[in-house]
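Given the structure is predicted, the values throughout are model-derived calculations rather than measurements.
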Amino acid sequence: MTRINKHNYEAYLLDFMEGNLSAEDAKALEAFLNDNPQLNADIFDPGDLKIKPDTSISFDKKTALKRDEEMPEFSKREKLLIGLAEDDLNEDEKQEAQDLLSSDAEAFNDFELYRKLKFKAGSNISYPDKEGLKKRTPVVSIRQVQYISIAAVLAGLLAFGLLKLNLPDTGVSVNSQHVAQNIDKHIVFDAEKTSGIETDLSDLSMNKLDKETQVAYNHLPVANRQIRQTEQSEAEKFVAEPMPRLSAGKIQTGGNDRSTLMAMTEREIPAFRSALPVDDITYVSNNSDKNRGINLPNRSQIQNNLDKFKPIEQLREAKNELMAGNVRSLFD
Amino acid sequence: MTAKEYNKSVEAYADNVYRFILSNIKDEEQARDIVQDTYERLWMNYKKVDVNKVRSYLFTTAHNRMIDMIRKAKHTQQTDETPDMTSPYHDDQYSDVSEVLEAALNELNETQRSVLLLRDYESYSYKEIAEITKLSESQVKVYIYRARLAMKEKIGSIEAII
């Protein structure tokens with residue numbers, strides 16, 4: 001045992017008060033205190049110093065914390081009857097329930113009641129705007145954008161006077177009038193013929209263009225930026241801003257890789273769309289844009305931009321120029 | 001699923017989801033909002049959603065939205081302004097069985113009500129309901145049994161509905 005002294009006697013005192021001191025140590029402590037009466041060694045009840053909980057406070061949501069046990073509130077009879085009505089019994093239980101029904105008229109009535117007390121959804125209630133939930137198929141599909149791209153490039157070339165295009169020796173004679181006519185066919189936006197949202201770039205086909213136009217097209221310096229599917233709201237966002245004019249310089253920024261041939265940029269797509277009749281304006285979706293929390297579309301804003309930028313009209317004018325023979329040197 | 005299948009799911013399930021939500025919250029405008037949000041969410045994820053599970057996806061999403069909305073309403077408005085959906089329909093003066101059923105339904109809490117409506121409206125299994133509501137199967141079963149018993153006690157006897 002450590003000798004009790006004036007430096008450690010308080011520890012012995014605390015042990016003593018808490019009842020943790022051996023009889024031998026208690027005797028030694030008593031002897032030490034008697035020998036040192038000057039020390040403050042009041043013996044008190046440590047229980048007085050303990051903080052006691054306020055028992056008047058109770059948690060009043062205990063019931064909500066409890067979990068349902070195995071349906072203790074149901075009698076065997078009710079379990080069988082409800083279970084039978086719910087088709088929730090195993091074969092033995094079913095037999096037991098049937099026996100009950102055949103021997104107890106009241107049980108039979110109760111079963112019938114359980115069977116009939118089911119809620120039925122009112123067929124007269126229907127969601128009022130299902131059409132609004134549907135996502136319309138894009139008027140400007142990827143393939144259409146392809147045609148627009150061709151047209152846009154031609155328009156840009158015309159508008160900026162880049163009328164001579166150096167075609168490598170392809171062995172194909174390209175006639176500007178023919179190309180213009182061909183393009184004209186494809187700048188008629190046909191919403192009805194477009195089904196689904198075309199996202200597969202590999203599906204892009206030149207089949208709808210004839211050989212001459214394909215050759216012309218393939219040698220146009222279209223941008224090789226990947227087309228981005230553009231969310232309605234993104235279109236809205238872009239058309240809400242001052243619309244940059246489509247320029248040849250803007251388009252001629254890349255190679256002519258057909259697999260990544262889409263020349264339309266985020267700004268240009270809504271610009272082209274804005275030139276369409278408003279009823280034909282629908283959009284391609286972009287999940288990632290959605291995930292960025294872009295707001296819902298506002299078609300009226302797009303309509304307001306109709307007059308701001310009209311590349312299709314510009315294109316048609318260019319085509320007319322071609323047809324009229326005013327510009328003869330494009331592909332000749 | 002594809003965009004086309006998404007649009008088909010609007011035709012196939014929008015009414016069902018709407019009825020389910022409306023029966024729960026009795027507020028047409030909020031029910032419409034929830035349906036719209038639900039389909040918006042589906043549209044955001046439609047490529048990742050298995051077409052065979054779209055119905056369950058819609059009900060799960062709508063149910064979650066509804067519970068969020070109810071909790072938010074309780075939190076922000078407190079009891080004096082929040083419609084008390086657990087109170088009886090009215091004071092036991094019912095003109096027909098459907099009113100009695102309606103009253104019994106209104107006495108359930110929102111989770112129990114959802115469970116019962118998913119069972120009755122959509123004929124979902126306990127397992128499917130458990131997945132939608134994030135409850136255990138046994139909880140779902142208890143809620144349904146309890147609701148059936150409560151309704152039976154409210155109706156009284158088979159004669160009342162014949």
Side-chain angles (χ1 to χ4, degrees), chain A residues 64 67-75 78-79 81-83 85-88 105-106 108-138 195-199 231-232 284-293 296, chain B residues 2-4 6-7 9-11 13-20 22-23 28 31-32 35-36 38-40 42-48 97-98 100-102 104-105 116-117 119-122 126 136 138-139 141-149 151-152 154-162:
Chain A
R67 293 288 181 263
D68 291 302
E69 295 167 27
E70 194 54 38
M71 300 198 288
E73 72 264 46
F74 300 106
S75 66
E78 298 304 324
K79 281 184 197 170
L81 296 179
I82 298 173
E86 288 286 311
D87 194 20
D88 183 39
E106 195 179 342
F108 182 82
N109 286 339
D110 284 351
F111 165 70
E112 281 297 300
L113 192 54
Y114 282 128
R115 202 169 59 82
K116 290 181 177 173
L117 290 181
K118 302 273 175 77
F119 291 96
K120 286 180 185 152
S123 56
N124 57 328
I125 301 172
S126 58
Y127 185 74
D129 185 24
K130 281 205 281 287
E131 288 306 311
L133 295 177
K134 290 179 183 174
K135 302 296 177 186
R136 292 172 62 185
T137 52
S195 63
I197 294 174
E198 299 183 32
T199 56
E231 176 54 44
Q232 261 178 304
V284 185
S285 159
N286 184 331
N287 289 338
S288 64
D289 288 339
K290 270 284 181 191
N291 293 335
R292 290 204 302 268
L296 290 173
Chain B
T2 64
K4 194 175 278 185
Y6 164 88
N7 282 338
S9 81
V10 174
E11 279 299 333
Y13 304 124
D15 288 340
N16 300 45
V17 175
Y18 179 61
R19 286 171 195 147
F20 166 63
L22 186 60
S23 296
E28 290 183 9
R32 279 201 298 271
V35 173
Q36 200 165 16
T38 299
Y39 272 93
E40 204 57 49
L42 174 63
W43 179 245
M44 283 164 60
N45 297 299
Y46 76 93
K47 287 179 184 169
K48 290 181 264 180
V97 174
S98 65
V100 181
L101 286 178
E102 192 71 25
L105 190 68
L116 193 63
L117 292 176
R119 178 72 172 172
D120 284 359
Y121 281 11
E122 299 298 319
Y126 297 150
S136 70
S138 63
Q139 277 178 301
K141 185 170 171 175
V142 167
Y143 285 153
I144 288 173
Y145 273 53
R146 201 179 279 171
R148 300 279 185 236
L149 187 62
M151 286 193 296
K152 194 203 88 173
K154 223 164 178 39
I155 295 283
S157 68
I158 187 75
E159 288 78 18
I161 60 170
I162 294 175

*Asks:* Can you tell me how far apart CG (B:Asn7) and NZ (A:Lys130) are? Round to the nearest 0.5 Å.
*Replies:*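 Reported to 0.5 Å precision, the distance equals 12.5 Å.
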*Asks:* How close do A:Leu133 and B:Val35 get, heavy atom to heavy atom, and via which atoms?
*Replies:*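 Scanning both residues completely, I find the closest heavy atoms to be CD1-CG1, 3.9 Å.
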*Asks:* Going from OH on B:Tyr18 to CG on A:Asp129, what distance comes out if it is rounded to the nearest 0.5 angstrom?
*Replies:*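 The CG atom of A:Asp129 is 11.0 Å from OH of B:Tyr18, to the nearest 0.5 Å.
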*Asks:* So which part of B:Tyr121 gets closer than 4.5 Å to some heavy atom of chain A, the side chain, the backbone, both or neither?
*Replies:*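 Backbone plus side chain of B:Tyr121, per the 4.5 Å heavy-atom cut-off to chain A.
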*Asks:* Identify which of B:Arg19, B:Met151, B:Glu28 forms the greatest number of heavy-atom pairs closer than 4.5 Å to chain A.
*Replies:*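 The residue among B:Arg19, B:Met151, B:Glu28 with the greatest pair count is B:Arg19.
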*Asks:* Quick one: what part of B:Leu149 sits under 4.5 Å from any heavy atom of chain A, side chain, backbone, both or neither?
*Replies:*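 Contact with chain A involves both backbone and side-chain atoms of B:Leu149.
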*Asks:* Which answer fits A:Lys120, side chain, backbone, both or neither, if we ask what part of it has an atom under 4.5 Å from a heavy atom of chain B?
*Replies:*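 The backbone, not the side chain.
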*Asks:* Can you name the residues that form a salt bridge (charged side-chain N to carboxylate O under 4.0 Å, His left out) with B:Arg119, not counting sequence neighbours?
*Replies:*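 Here the qualifying residues are A:Glu86.
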*Asks:* Counting heavy-atom pairs closer than 4.5 Å to chain B, which one of A:Ala85, A:Gly83, A:Gly132 comes out on top?
*Replies:*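 Greatest number of close heavy-atom pairs with chain B: A:Gly83.
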*Asks:* Distance check, rounded to the nearest 0.5 Å: A:Ile125 atom CD1 versus B:Phe20 atom CZ?
*Replies:*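 Answer rounded to 0.5 Å: 13.5 Å.
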*Asks:* So which heavy atom on B:Asp15 is nearest to which on A:Tyr127, and how close?
*Replies:*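 In terms of heavy atoms, the two residues are closest at OD1-N, 2.6 Å.
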*Asks:* Given a strict heavy-atom distance threshold of 4.5 Å, which part of B:Leu42 is in contact with chain A: side chain, backbone, both, or neither?
*Replies:*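 No part of it gets close to chain A.
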*Asks:* Please determine if B:Lys152 and A:Asp110 form a salt bridge, counting it only when a charged side-chain N lies under 4.0 Å from a carboxylate O.
*Replies:*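 A:Asp110 and B:Lys152: salt-bridged.
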*Asks:* To the nearest 0.5 Å, how far apart are CD1 in A:Ile82 and CZ in B:Arg146?
*Replies:*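 Here the rounded value is 11.0 Å.
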*Asks:* Has the side chain of B:Arg32 got a donor or acceptor atom that lies under 3.5 Å from a matching backbone atom of A:Pro128?
*Replies:*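 No.
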*Asks:* Holding to side-chain hydrogen bond (donor to acceptor under 3.5 Å, both in side chains), I want the full list of residues that pass it with A:Glu78, two or more places apart in sequence or in another chain.
*Replies:*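 So A:Glu78 forms a side-chain hydrogen bond (donor to acceptor under 3.5 Å, both in side chains) with A:Tyr114.
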*Asks:* Identify which part of B:Tyr126 has an atom lying under 4.5 Å from any heavy atom of chain A, answering side chain, backbone, both or neither.
*Replies:*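 Contact with chain A involves the side chain of B:Tyr126 alone.
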*Asks:* Please state whether the side chain, the backbone, both or neither of B:Glu122 comes within less than 4.5 Å of a heavy atom of chain A.
*Replies:*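 Nothing of B:Glu122, per the 4.5 Å heavy-atom cut-off to chain A.
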